[in-house]
There are 2 protein chains.
Amino acid sequence: MRSSEGFTGSVWLRPPRAQTGQPALSREQIVRAAMELLDAEGPSGLSMRRLGTKLGSGATSLYWHVANKDELLELAVDEVLGEIYVPEPGDTTWRVGASISANGMRAALLRHPWVIGLLGLHPTLGPNAMRLGERLVALFTAAGFTGMPLSHATALLNSHAIGSATSEAAVRSALKRTGKTWEEVAQDVEPYLERLAPDNPNYEKWRQETGPMRKDPDQVLDETYAFGLERLLDGLEMWLRDDGAPAADGDIGDRRG
Amino acid sequence: MRSSEGFTGSVWLRPPRAQTGQPALSREQIVRAAMELLDAEGPSGLSMRRLGTKLGSGATSLYWHVANKDELLELAVDEVLGEIYVPEPGDTTWRVGASISANGMRAALLRHPWVIGLLGLHPTLGPNAMRLGERLVALFTAAGFTGMPLSHATALLNSHAIGSATSEAAVRSALKRTGKTWEEVAQDVEPYLERLAPDNPNYEKWRQETGPMRKDPDQVLDETYAFGLERLLDGLEMWLRDDGAPAADGDIGDRRG
DNA sequence: AAAGGGTCTCGCACACTGTTCGAGCCGACT
DNA sequence: AGTCGGCTCGAACAGTGTGCGAGACCCTTT
């Protein structure tokens, strides 16, 4: 069986295995252990052999419960999505609900940064991903969205969480890997920036005017994310008010500039 | 030398190698060839040995020009960022300029989907990434942004491009991998969705009301991206008009809901 | 009680990976 | 003529994902 010979062969669409013997090893257990390895040491920390010994069993035993390393990773990704909480429509404002959802997604991705590199490989349609979709649809329906724009709006929210988390994970991993502080890194990069300064006049000017980073990177990254989220929610709210009802179905008014 | 013992050891901060002998192999050539392999066969298609034979040289010769496979990938990522065009401030409206930039970023990421999985690993500060930053600063400065909000605004634009491209790449890669059409995939997934239907009432209802996908996935993905971009630009424009001038420096007015 | 069959574990083996090391080549400068 | 630095490369090492087939265990049927 080829590693992925179609959607029909995907983990999610395949019926689960029957189970009568002595398990000693279960899919959930394997996935959980894999996540622990990934959280602790990143993508390179997970190998089938290491996972096997961590579970006290042979490496190839895993292949009874999981077709593939790829499939194992898919399962792990869905597991992470299961950590995200999306409020019920009645619990709060739509806007706050959307914020909580996006915050949760961002937090989950930053808690398990290895997920970020996997999101672009397969569409995740595991049960937790579906539940996430369900809850978001509920939230945005209650807010007044319908049809394709509803799907577009939830996609926008997710995109922001994913995109932000990607950028954040990059700098966070650099800080962690080097073990340096924000100031030390800034000092290291300084001469490089100065060498490039003649080519980047606008950036340099902005950098001079804004001055050195006074806040720690956590706070800056939080603010960057939060600022974007507010702008995006403003945009959605505005669309809901202005164009939502009248132009219910027709073409979207993009490329208007 | 450890693979990455700090920012000081990063490719970008290290002075380039002196060069007098007979090159026969150059860093640019290597990076270009690596990109070709990656574009053609994805991340698993690139191995140092294959890259070596593609260039007609021994695999280990590459290690003279490049410290690492990781470093090679960093160089390739920056190369991709070099394909993105950002208009000059005077060329168009700010809004159109931002759209063009984001469109370019999204297109570049979809042309080279392997980049997506690498963006979260290291912050890219190669020359092309810097140039990108420079141009965006120019564009957003001309639009009236200053200080931290300027940085937040550009980050938002990039996040949208990255996040959208991630989601898109997932479905595009699935379609390509399985070789199936959109309708065939939908048919494959159908029974799974119906099995989960009782748990996802809102999603199901939305699905029923919206009806089957009439358009091809390219168009749907384009629309999703474009819708999000417009909402986001609306939000930025609104902020620029309302809060931009008065609250120039202080805390950002987030968490307002 | 015996036989059969499914579930599950696992050692071996294969092809392949990234990377180190040290030997050697070749052109240029002294 | 000799040395030196840039550059190439083959051999080797430790480690990877995974296919295969032998077996162990337990439940069911005869």
Side-chain angles (χ1 to χ4, degrees), chain A residues 1-5 9 11 14-31 33-34 37-38 41-76 114 117-118 121-122, chain B residues 1-5 9 11 14-31 33-34 37-38 41-76 114 117-118 121-122:
Chain A
M1 192 196 321
R2 300 274 292 105
S3 130
S4 40
E5 49 117 312
V11 216
R14 211 171 44 226
R17 290 215 116 111
Q19 166 182 338
T20 60
Q22 69 294 8
L25 220 54
S26 78
R27 180 177 270 197
E28 289 112 37
Q29 193 190 6
I30 293 175
V31 172
L37 278 178
L38 287 165
E41 315 189 33
S44 65
L46 175 66
S47 82
M48 297 307 265
R49 269 175 259 255
R50 285 196 55 177
L51 184 53
T53 64
K54 180 182 168 95
L55 289 166
S57 68
T60 56
S61 308
L62 307 170
Y63 283 90
W64 175 257
H65 306 269
V66 154
N68 236 324
K69 191 184 183 182
D70 262 24
E71 181 175 301
L72 171 58
L73 291 173
E74 272 191 76
L75 291 164
W114 45 269
L118 301 174
L121 300 181
H122 325 278
Chain B
M1 190 195 320
R2 302 274 289 104
S3 131
S4 41
E5 49 116 313
V11 216
R14 211 171 43 226
R17 290 216 118 108
Q19 166 184 336
T20 59
Q22 68 293 7
L25 218 55
S26 78
R27 180 176 269 197
E28 290 114 36
Q29 192 189 8
I30 293 175
V31 172
L37 279 179
L38 288 165
E41 316 189 32
S44 64
L46 175 66
S47 84
M48 298 306 265
R49 269 176 259 255
R50 286 198 54 179
L51 184 53
T53 64
K54 181 182 166 93
L55 289 165
S57 68
T60 57
S61 307
L62 306 171
Y63 283 89
W64 176 256
H65 305 270
V66 154
N68 236 327
K69 191 185 183 182
D70 262 23
E71 180 173 304
L72 172 57
L73 292 172
E74 273 191 75
L75 292 165
W114 45 269
L118 301 173
L121 300 181
H122 325 277

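Residue numbers begin at 1 in each chain, while the letters A, B, ... track the order of the sequences.
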Let me see the working for L75(B) and H65(B) under side chain to side chain contact (heavy atoms under 4.5 Å, CB included), right down to the final yes or no. CA-CA 12 Å; L75(B) 292 165; H65(B) 305 270; over 6 Å; no
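- Between dT18(D) and N68(A), a contact under 4.0 Å exists linking OP1 or OP2 to a side-chain N or O.
- Partners of R50(B) by salt bridge (charged side-chain N to carboxylate O under 4.0 Å, His left out), not counting sequence neighbours, listed by chain and number: E41(B).
- For K69(A) and dT17(C), the NZ to C1' distance is 12 Å, given to the nearest whole Å.
- For S61(B) and dC9(D), the shortest distance from a side-chain N or O to OP1 or OP2 is below 4.0 Å.
- Of the residues in residues 45-58 of chain A, those with a non-hydrogen atom less than 4.0 angstrom from any atom of DNA chain D are L46(A), S47(A), M48(A), R49(A).
- Helix bend of the helix from dA1(C)-dT30(D) to dT30(C)-dA1(D): the angle between its two end axes, each built from five pairs, comes to 20° after rounding to 10°.
- With values rounded to the nearest 0.5 angstrom, L25(A) atom CG is found 6.5 Å from S61(A) atom OG.
- Distances shorter than 4.0 Å separate none of the side-chain N or O atoms of H65(B) from OP1 or OP2 on dG6(D).
- With a 4.5 Å cut-off on side-chain heavy atoms, E74(B) and N68(B) do not count as touching.
- For Y63(A) and dG11(C), the OH to P distance is 15 Å, given to the nearest whole Å.
- One atom, CG of L62(B), and another, P of dT20(C), lie 13 Å apart when rounded to the nearest Å.
- Side-chain atoms of R49(B) do not come within 3.5 Å of backbone N or O of A59(B) as any donor-acceptor pair.
- With sequence neighbours excluded, the residues forming a side-chain contact (heavy atoms from CB on, under 4.5 Å) with L118(A) are L73(A), V77(A), W114(A), L121(A), listed by chain and number.
- With sequence neighbours excluded, the residues that form a side-chain contact (heavy atoms from CB on, under 4.5 Å) with A33(B) are L51(B), K54(B), L55(B).
- Spacing between atom CH2 of W64(A) and atom C1' of dC20(D) amounts to 14 Å, rounded to whole angstrom units.
- Of all the heavy atoms in A76(B) and V31(B), the pair that sits closest is CA-CG1, 3.9 Å.
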